[in-house]
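Data block below; observations after.
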Amino acid sequence: MCGIVGYIGAQDASEVLVEGLKTLEYRGYDSAGVAILAEGGLDRRRAEGKLRNLSKRLKEAPLAGTLGIGHTRWATHGKPNETNAHPHRAGGVAVVHNGIIENYAALRQELQADGAVFTSETDTEVVAHLVSHFRAQGLDLQASVAASIERLEGAYAIAVVDEAYPDEFIAARESSPLILALGDDENLVASDLPAVLAHTRKVVFLQDGDLVRVTRGEAQIFAEGALVERPVKRVDWSPAAAQKGGYKHFMLKEIFEQPRAVTDTLTGRLGRGGEVHLEHFDLEALKGIQHISLVACGTSWHAALVGRDLIESIAGIPVSVEYAHEYRYRRHIFGPGDAVIGISQSGETADTLAALGEVKARGVRVGAITNVMESAVARLSGDSLGVIYTHAGPEIGVASTKAFTTQMVSLHLLAVGIGRTLGTLTVEEATAELEALRHLPHWMEQALEGASQVAELAPWASEFDNYLFLGRGNLFPVALEGALKLKEISYIHAEGYAAGEMKHGPIALITEHFPTVALVGSDDLKAKVVSNIEELKARGGPVLIVASEGDEDLARIADQLVLVPEVPERLQPVIYSLPMQLLAYHVADFLGTDVDQPRNLAKSVTVE
Ligand code: M6R
């Protein structure tokens with residue numbers, strides 16, 4: 001996730017900006033840059049890679065000035081290189097931006113027709129050209145930014161400088177965080193608190209639609225063109241706590257970030273008339289497809305199981321799900337109708353990469369679903385089917401949370417896209433799927449709110465040494481994921497099973513010391529899972545049930561009952577994952593383990 005800092009004051013702006021950006025490094029980035037307004041005009045320095053590369057550039061060619069904007073970029077549109085690094089410039093205007101401009105392609109065409117020359121592949125550059133366009137029409141800087149954002153669709157937090165305005169800069173936000181920090185004869189904006197804490201503790205959390213004009217002595221906030229007052233808050237967080245957004249761990253922050261992450265996954269992809277736009281993935285190349293293999297490891301493999309159900313039921317194409325480490329050593333018989341899609345949060349998992357490489361070398365179409373732009377699996381698939389980026393933003397906790405839910409949503413988009421491309425899904429059916437997805441972030445927020453009671457279960461749940469997680473249908477993969485989450489971070493032994501399998505063996509384990517987490521969906525399989533729970537209760541096994549609102553009566557057979565909003569069946573895996581993640585988190589926190597960096601685990605497994 002990108003980082004923004006804007007500064008106006010008496011200090012050397014490039015130093016302030018680089019120091020501020022350093023505190024945002026935890027968000028992940030692949031290039032960085034600053035634009036400084038000095039006496040000689042506006043100039044910028046940018047560099048691929050870490051901030052030390054930018055500092056080196058600034059050392060070789062310093063930029064003196066007390067007003068500037070800076071950015072760390074996590075690539076979403078265009079490669080992570082210097083050309084695509086922010087700030088982007090058009091004439092005397094420079095812009096930094098977080099978020100995704102959904103209508104950038106149309107705007108770019110329009111501006112190009114008007115003579116604008118683009119130098120990057122980013123969506124952001126359209127903002128610089130738009131502001132410059134309005135400035136050329138005679139509007140002042142503030143009015144030009146206001147007119148520009150009127151034209152933007154999507155999510156953004158921006159900061160804009162103009163060399164004709166050496167005593168102010170303008171910032172604005174819509175669906176992307178931005179704070180205003182009020183110092184003594186200096187003011188800042190930033191995408192997150194840590195970047196400003198060295199200067200002041202007085203901050204304003206800007207709201208969607210706010211535009212702010214920042215000078216050395218004051219900051220004026222406008223909403224819908226009118227001057228507004230926003231409460232000034234005093235922040236007492238330490239810089240480390242601020243990086244976690246006040247949450248105790250990155251994992252907890254990432255769990256609560258999921259509605260936002262899923263919104264980003266969906267942004268720009270839900271077309272009218274049931275169309276799905278997957279900007280880097282060639283749906284047309286799937287014409288004639290007869291079978292898809294989904295290849296992955298760990299949590300991504302669980303997402304693949306959910307994906308199988310989605311693609312088969314929505315697009316009507318048979319799907320196999322494979323562990324990459326097994327798949328790469330099996331002898332495969334491929335036909336012309338085969339395609340293989342790798343799923344990997346990091347895009348660097350050695351087994352997934354090798355499996356995709358092997359099949360690609362045999363002439364099979366390969367694609368990828370990943371969170372990291374230009375990662376190894378993305379590069380490998382780029383000249384074949386292409387890539388679906390999950391846009392979850394960097395995931396710092398080793399235990400995957402937002403990567404999982406955004407993978408499932410990406411697979412849902414893929415399923416609808418395939419269905420429409422092959423004509424196996426009608427426009428009406430596709431529209432209904434996309435409409436449900438549009439509501440998903442809202443249901444996720446409700447589920448997270450409701451599941452806050454999970455924290456109170458931690459003392460009870462931490463008593464046990466073993467767990468069984470049960471689910472059926474599309475909740476079976478969620479049971480597997482729930483068990484994986486618990487064992488990864490709390491070190492409690494847990495196994496996920498398809499509920500129907502219990503009577504074929506695992507039931508032998510059940511005693512009053514062996515609990516089960518049972519996922520009861522509001523679907524056709526509900527009655528069968530309830531029967532499985534009755535069998536557990538008959539053997540004295542404690543049961544924690546996760547069910548949908550309306551199923552309160554399940555309290556009669558539950559030791560603990562957690563309810564989530566009732567949602568369309570295909571969205572259940574995303575919603576039921578949330579209490580699973582919170583259960584694992586709170587148990588681990590209660591037991592005092594290293595939640596974000598559990599023992600023996602690495603975020604990305606780049607060895608075989
Ligand atoms: O980066 P990838 O998605 O390829 O990683 C695959 C697994 O290593 C990963 O999902 C792992 O299981 C996580 N620790 C799960 O929380």
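Just follow the structure's listing: the first ligand is 1, and inside any ligand the first atom is 1. What you see is a predicted model, and the numbers here were worked out from it, not measured in a lab.
- Between the side chains of Y104 and T122, no donor-acceptor pair of N or O atoms lies under 3.5 Å.
- Under the 30°/60° scheme for interplanar angles, the aromatic rings of Y323 and H325 are found to lie parallel.
- Separation of atoms CD1 (I388) and CD (E279) is listed at 9.0 Å; rounding is to 0.5 Å.
- In this structure, R362 has no salt bridge (charged side-chain N to carboxylate O under 4.0 Å, His left out) partners at least two apart in sequence or on a different chain.
- Closer than 4.0 angstrom to ligand 1 by heavy atom are C297, G298, T299, S300, S344, Q345, S346, T349, V398, A399, S400, K485, E488, V605, sorted by chain and number.
- For the 3.5 Å distance criterion, the side chains of S300 and Q345 fail to qualify, holding no donor opposite an acceptor.
- Ring pair Y585/H249 is perpendicular by interplanar angle, where above 60° counts as perpendicular and below 30° as parallel.
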